Amino acid sequence: MAYECKTKETENSVIEFIELLPNEKKKADAYQLLDIFTETTGYTAKMWGPSIIGFGSYHYRYASGHEGDAPLVGFSPRKAKISLYFAPGDEARGELLKKFGRHTTGKACVYINKVADIDVDVLKMLIHQSVDFLKKLYP
C-alpha cells in the first residue's frame with residue numbers, strides 16, 4: 001500500500017477551528033496570524049488535516065517517488081507552542097530567523113510561544129521567501 005499523507009486540505013472551517021481553541025491568548029494569536037498570512041500570501045486560509053491552517057498549495061515529488069500536496073505556508077496553534085510552517089530545504093531562512101525574535105526550529109517548522117515574541121515584518125519576509133522558494137522549486 002502506498003504511503004498516504006495525513007495532512008490533506010479539508011473543507012473544515014478555519015474560524016470554527018480557531019474558536020474551539022481553549023486558550024484565549026492562543027486564540028487571539030491565531031486570529032492575528034490568520035490576518036498576517038492571508039494578507040501576505042493573498043490566499044484564502046484552508047484547514048489541512050485536523051490542526052494546520054494552510055495558505056496556497058503545491059504538488060511535490062521526491063526522488064524516492066513519494067509525492068503529494070502541501071500548503072505553501074501555514075501555522076498551527078498547538079497546546080505547547082505555535083508551529084509556523086515554511087518551505088523545507090530553504091537555506092536562506094536562517095538569515096531571516098536571526099532577526100525573527102524568540103523561537104525554536106524543527107525540520108520544517110519554526111516554533112513560537114506567542115506573536116508578541118516575534119518581529120511581524122520578519123514573519124512577512126519569511127512567508128514571502130517560502131512561497132517564492134516553493135514556486136520556483138515546484139513550478
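Remember, predicted model here, so these are calculated numbers, not experimental data.
- If you take CH2 on Trp48 and NZ on Lys8, they are separated by 9.5 Å, rounding to the nearest 0.5 Å.
- The distance from the CD1 atom of Ile15 to the CD1 atom of Ile53 is 8.0 Å, given to the nearest 0.5 Å.
- Residues that satisfy the side chain to side chain contact (heavy atoms under 4.5 Å, CB included) test with Thr44, not counting sequence neighbours, are absent from this structure.
- Distance check: Asp29 CG to Ile112 CD1 gives 6.5 Å after rounding to the nearest 0.5 Å.
- Considering all non-hydrogen atoms of both residues, Ala70 and Tyr60 come closest at CB-CE2, 4.0 Å.
- Classified by interplanar angle (parallel below 30°, tilted 30° to 60°, perpendicular above 60°), the ring pair Phe37/Phe75 is tilted.
- Across Phe55 and Gly74, no two heavy atoms sit closer than the pair CD1-CA, 4.1 Å.
- With hydrophobic clusters built from ILVMFWY side chains whose heavy atoms lie under 4.5 angstrom apart, Tyr43 shares a cluster with Met47.
- Counting heavy atoms of neighbouring residues, nucleotides and ligands inside a 6.0 Å radius, atom CZ of Arg78 exceeds 12 of them.
- For Ala87, the side chain to side chain contact (heavy atoms under 4.5 Å, CB included) test picks out Asp90, Ser130, Phe133, Leu134, with sequence neighbours left out.
- With values rounded to the nearest 0.5 angstrom, Ile118 atom CD1 is found 10.5 Å from Leu97 atom CG.
- Inter-residue side-chain proximity for Val110 and Leu126 is flagged as unmet; no heavy-atom pair is nearer than 4.5 Å.
- Side chains of Ile36 and Ile127 form a contact here, defined as non-hydrogen atoms less than 4.5 Å apart.
- Scanning all heavy atoms of the two residues, the minimum distance from Gln129 to Arg93 falls at NE2-N, 3.1 Å.
- Contact between Lys26 and Ala80 at its shortest, heavy atoms only, is NZ-O, 3.6 Å.
- Hydrophobic cluster membership is shared by Val120 and Leu34, with clusters built from Ile, Leu, Val, Met, Phe, Trp and Tyr side chains linked at under 4.5 angstrom.
- His103 places none of its side-chain heavy atoms less than 4.5 Å from the side chain of Leu84.
- Within the 3.5 Å criterion, the main-chain N or O of Lys124 finds no donor-acceptor partner in the side chain of Thr40.
- One distance of note links CD1 of Ile18 with OH of Tyr31; it measures 5.5 Å at 0.5 Å rounding.
- The distance from the CD1 atom of Ile82 to the OH atom of Tyr111 is 13.0 Å, given to the nearest 0.5 Å.
- Classified by interplanar angle (parallel below 30°, tilted 30° to 60°, perpendicular above 60°), the ring pair Tyr62/His66 is parallel.
- When all heavy atoms of Leu21 and Ala30 are compared, the closest pair comes out as CD1-CB, 3.9 Å.
- Looking only at side-chain heavy atoms (C-beta outward), Asp121 and Lys99 stay at 4.5 Å or farther from each other.
- Using a 4.0 Å cut-off between charged side-chain N and carboxylate O, Lys114 and Asp117 make a salt bridge.
- The nearest pair of heavy atoms linking Tyr58 to Pro71 is CE2-O, 3.4 Å.
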